[in-house]
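Working notes for the structure below.
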Protein chains: 2
Amino acid sequence: MNARVLVVEDEADLIELLRYNLEAEGFAVDTAEDAEEAGVRIAEGRPDIILLDWMLPGTSGIEICRRLRAREETATVPIIMLTARGEEEERVRGLATGADDYVVKPFSLPELLARINALLRRSNPHLVATVLKAGDIEIDRTTHRVRRAGRELHLGPTEYRLLEYLMGHPGRVYSREQLLDGVWGTDVYVDDRTVDVHIGRLRKAINPGRSSDPIRTVRGAGYSFDEKFK
Amino acid sequence: MNARVLVVEDEADLIELLRYNLEAEGFAVDTAEDAEEAGVRIAEGRPDIILLDWMLPGTSGIEICRRLRAREETATVPIIMLTARGEEEERVRGLATGADDYVVKPFSLPELLARINALLRRSNPHLVATVLKAGDIEIDRTTHRVRRAGRELHLGPTEYRLLEYLMGHPGRVYSREQLLDGVWGTDVYVDDRTVDVHIGRLRKAINPGRSSDPIRTVRGAGYSFDEKFK
DNA sequence: GCTTCTATGACAATCGAATGACACTTGTGT
DNA sequence: ACACAAGTGTCATTCGATTGTCATAGAAGC
C-alpha cells in the first residue's frame with residue numbers, strides 16, 4: 001500500500017516537480033494550493049504525511065500547521081515544512097508550532113525523500129521498507145540491527161548510517177563529498193579523507209573472517225556498495 | 001475474535017476518523033448518529049465497548065448512558081465518553097452517570113486506543129492481549145504485575161509504562177523523543193535525558209542479581225526491548 | 001620508477017550513556 | 001492538617017565508545 005502525500009504549495013512549478021518525483025518513488029500524491037483546498041483534500045482522505053509551504057497566499061503555512069495540530073483527525077500526521085532561505089531563523093518557531101521537520105528551499109530531492117521516509121518510518125513503519133538486503137547482508141532500520149549471514153554485527157552510529165546510505169542505491173558510486181553530505185550532513189565541515197577511515201572501519205566491521213568485501217573502491221571517484229554482491 | 005466497538009457520534013468527520021483507525025487496529029466498528037440508531041445497533045448485537053459523544057442532537061450522550069446502564073443487557077458494557085474541552089467540569093457527573101472513562105476532544109488516537117484497550121482488558125480480558133511475555137519476563141496488563149522468572153517485581157508507575165511500551169514492539173528502537181511522547185505524553189516538556197534515568201531505574205528493577213539485561217541501548221538512536229531476549 | 005590515490009594503525013579530543021545525589025511532588029495513612 | 005514514604009525530573013560526574021586527523025605503508029596508474 002502506497003503512502004499518501006499531500007503537498008500544500010502555491011508555486012505550480014514546484015508542485016509539478018514534487019508530484020513527478022514523489023510519484024516516481026511510489027507515493028500517491030495530492031496537491032493543494034491554499035489552506036482551503038488543503039482542507040478539502042484532507043477531508044477526502046487522511047494523508048500519511050504533509051509537505052507544507054511556509055509562505056502561502058492567504059493563510060500561512062505556519063497557521064495551517066497550527067490548525068492541523070489542533071484538529072484531532074490530523075493532530076498526529078507528520079508535517080514537513082518547506083521554508084525559503086532566510087527564514088531559517090524561524091526554524092525553532094516552525095518546529096515549536098508542531099512541524100516534525102523542515103527543509104530549506106531550494107532543497108535536493110534525495111534529502112527531501114530521506115526526510116519523508118524517516119518520518120513515515122517513525123509514524124507508519126508498515127508503509128516503508130524497513131529492511132535492506134543485499135547478498136547475505138541485511139540491515140533492519142526499525143531495530144537498527146545489521147546481520148551478515150545471520151550473524152549480528154556491531155556498527156558504530158556513523159558506520160551504520162554510511163552502510164545504510166550506500167545500500168540505498170547499490171552499485172551507485174558516491175564521491176567522498178556526497179557521502180559527507182548524505183551521511184554526516186551538509187552543515188558539518190569534515191575532511192574528505194575521513195570518509196576513507198570510516199569506510200575502512202565499516203569494512204572491518206562487516207567483513208569478519210575473510211568474507212568478501214561488498215564495498216568497492218573506485219579510484220579517483222569514491223565508493224559504492226557492489227550491486228552484484230553475493 | 002475481534003472486539004466490537006460502537007461509536008455514537010454526530011460529526012461525520014470524526015466518525016470516519018474513528019472507523020478508519022479502529023478498524024486498522026482490528027476492531028469491528030459500528031456507528032450511530034443518535035440515540036435511536038444506537039438502540040438499533042445494540043439490538044443487532046451487543047458491542048463490547050461503546051464510545052459515546054457527550055453532546056448529541058436529540059437525546060444527549062449522558063442520557064443515553066443512563067438508559068444503557070438501566071437495561072440489564074447493556075448495564076455492564078464499558079462506555080467511554082467523548083467530551084469537548086470545557087465540559088471537563090462535568091466529568092464527575094459523567095462518571096457518576098455510569099461512564100467508565102472519558103476523553104477530552106481533541107484527543108490523540110494512541111490515547112483513545114490505550115483507554116479502549118484498558119477497559120476491554122478489564123471487562124473482557126479474552127478480547128485483548130493481556131499478558132506480554134518475553135523470555136522469563138511477563139507483564140500482566142490487567143493487574144499491572146510484572147514477573148521475572150516467576151518472581152514478582154516492583155516497578156514504579158513510569159517504569160511500568162516504559163516497560164509496557166517497549167515490550168509492545170520488541171526489537172524496535174525508540175528514540176528518547178518517541179519514548180517521551182509515548183510514555184510521558186505529548187504535552188509534557190521533560191528533558192530527553194530523563195529517559196536515561198528511568199531506563200536505568202527500570203533496568204535496576206527488572207535485573208535483580210546478575211540476570212541478563214533485556215533492554216538494549218542503541219547509541220545515538222535510543223533504546224529497545226531485545227526481541228531475541230531469552 | 002615515479003606520482004597519485006587509498007588503506008590503516010595510532011592517538012587525543014569529544015560525545016553519549018550510566019549513575020548517584022538531591023530537591024520537589026504526590027499520595028497515603030494517622 | 002501533618003508526617004512520611006514513594007516516585008520524579010535535573011544535574012554533575014565518570015567512563016567507555018566513537019570520531020576526526022595525521023603519519024606511514026601499500027596499490028594502482030602511467
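In what follows, chains carry the letters A, B, and so on, assigned in the order in which the sequence lines appear, proteins first and then strands, with residues in each chain numbered from 1.
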A:Tyr174 and A:Tyr165: aromatic ring centres closer than 6.0 Å?
yes
Strictly under 3.5 Å: I want the nitrogen or oxygen pairs between protein and nucleotides 2-4 of chain C, one per line.
from, atom 1, to, atom 2, distance (Å)
C:dT4, O2, A:Arg219, NH2, 2.7

Here the gap from A:Leu14 atom CG to A:Asp53 atom CG, rounded to the nearest 0.5 Å, amounts to 7.5 Å
List every contact pair, protein side and nucleotides 22-26 of chain C side both N or O, where the distance is under 3.5 Å.
none

With a cut-off of less than 4.0 Å, is there a side-chain N or O of A:Arg176 near OP1 or OP2 of C:dT6?
yes
Hey, mind stepping through B:Arg172 and A:Thr143 against side chain to side chain donor-acceptor pair (under 3.5 Å) and telling me if it holds?
CA-CA 4 Å; B:Arg172 174 168 171 177; A:Thr143 62; over 6 Å; no
Approximate separation, where rounding is to 0.5 Å, of B:Glu138 CD and B:Arg147 CZ:
4.5 Å
Could you tell me whether the side chain of A:Ile116 reaches within less than 4.5 Å of the side chain of A:Phe27, counting heavy atoms only?
yes
Gap between atom CG of B:Leu18 and atom CG of B:Leu51 - 0.5 Å precision:
6.5 Å
Indicate whether any N or O donor in one side chain lies under 3.5 Å from an N or O acceptor in the other, for B:Thr217 and B:Arg203.
yes
Does any N or O in the side chain of A:Arg148 come within less than 3.5 Å of the main-chain N or O of A:Ile206, such that one atom is a donor and the other an acceptor?
yes
Reported CD1-to-CG distance for the pair A:Ile137 and A:Leu163, which is rounded to 0.5 angstrom:
6.5 Å
Using a 4.0 Å heavy-atom cut-off, does A:Tyr223 contact any base of the nucleic acid, only the sugar-phosphate backbone, or nothing at all?
sugar-phosphate
How close or far is atom C1' of C:dA18 from atom CG of B:Asp213, stated in whole angstroms?
12 Å
Just checking, any donor-acceptor pair under 3.5 angstrom between side chains of B:Asn117 and B:Arg141?
no
If you count every heavy atom of other residues, nucleotides or ligands that lies below 6.0 Å from B:His144 atom NE2, does the total exceed 12?
yes
So how far off straight is the helix from C:dG1-D:dC30 to C:dT30-D:dA1, going by the axes through five pairs at either end, to 10°?
40°
Atom pairs and distances, side-chain donor-acceptor, residues 178-186 of chain A, under 3.5 Å, sequence neighbours left out:
from, atom 1, to, atom 2, distance (Å)
A:Gln178, OE1, A:Ser175, N, 2.9
A:Gln178, OE1, A:Ser175, OG, 3.4

CG (A:Leu166) and CD1 (A:Ile199) are apart, to the nearest 0.5 Å, by 5.5 Å
So B:Ser224 and A:Arg145, side chain to side chain donor-acceptor pair (under 3.5 Å) or not? Walk me through it.
CA-CA 11 Å; B:Ser224 83; A:Arg145 284 185 196 281; 5.0 Å; no
5' to 3' on DNA chain D, which nucleotides open and close the contacts with chain A (atom under 4.0 Å from a heavy atom)?
D:dT18 to D:dG29
With a cut-off of less than 4.0 Å, is there a side-chain N or O of B:Lys204 near OP1 or OP2 of C:dG20?
yes
Contacts to DNA chain C from residues 185-200 of chain A, heavy-atom cutoff under 4.0 Å, which residues?
A:Arg193, A:Asp196, A:Val197
Within this structure, what is the OH-to-P distance between B:Tyr174 and C:dA17, rounded to whole angstrom?
18 Å
Audit row: B:Arg66, B:Glu63, salt bridge (charged side-chain N to carboxylate O under 4.0 Å, His left out) steps and yes/no:
CA-CA 5 Å; B:Arg66 194 174 285 129; B:Glu63 179 55 29; 2.9 Å; yes
Look at B:Thr217 and C:dG16 and indicate whether a side-chain polar atom (N or O) is within less than 4.0 Å of OP1 or OP2.
no
Distance, nearest 0.5 Å, that separates CG of A:Leu155 from CG of A:Leu162
9.0 Å
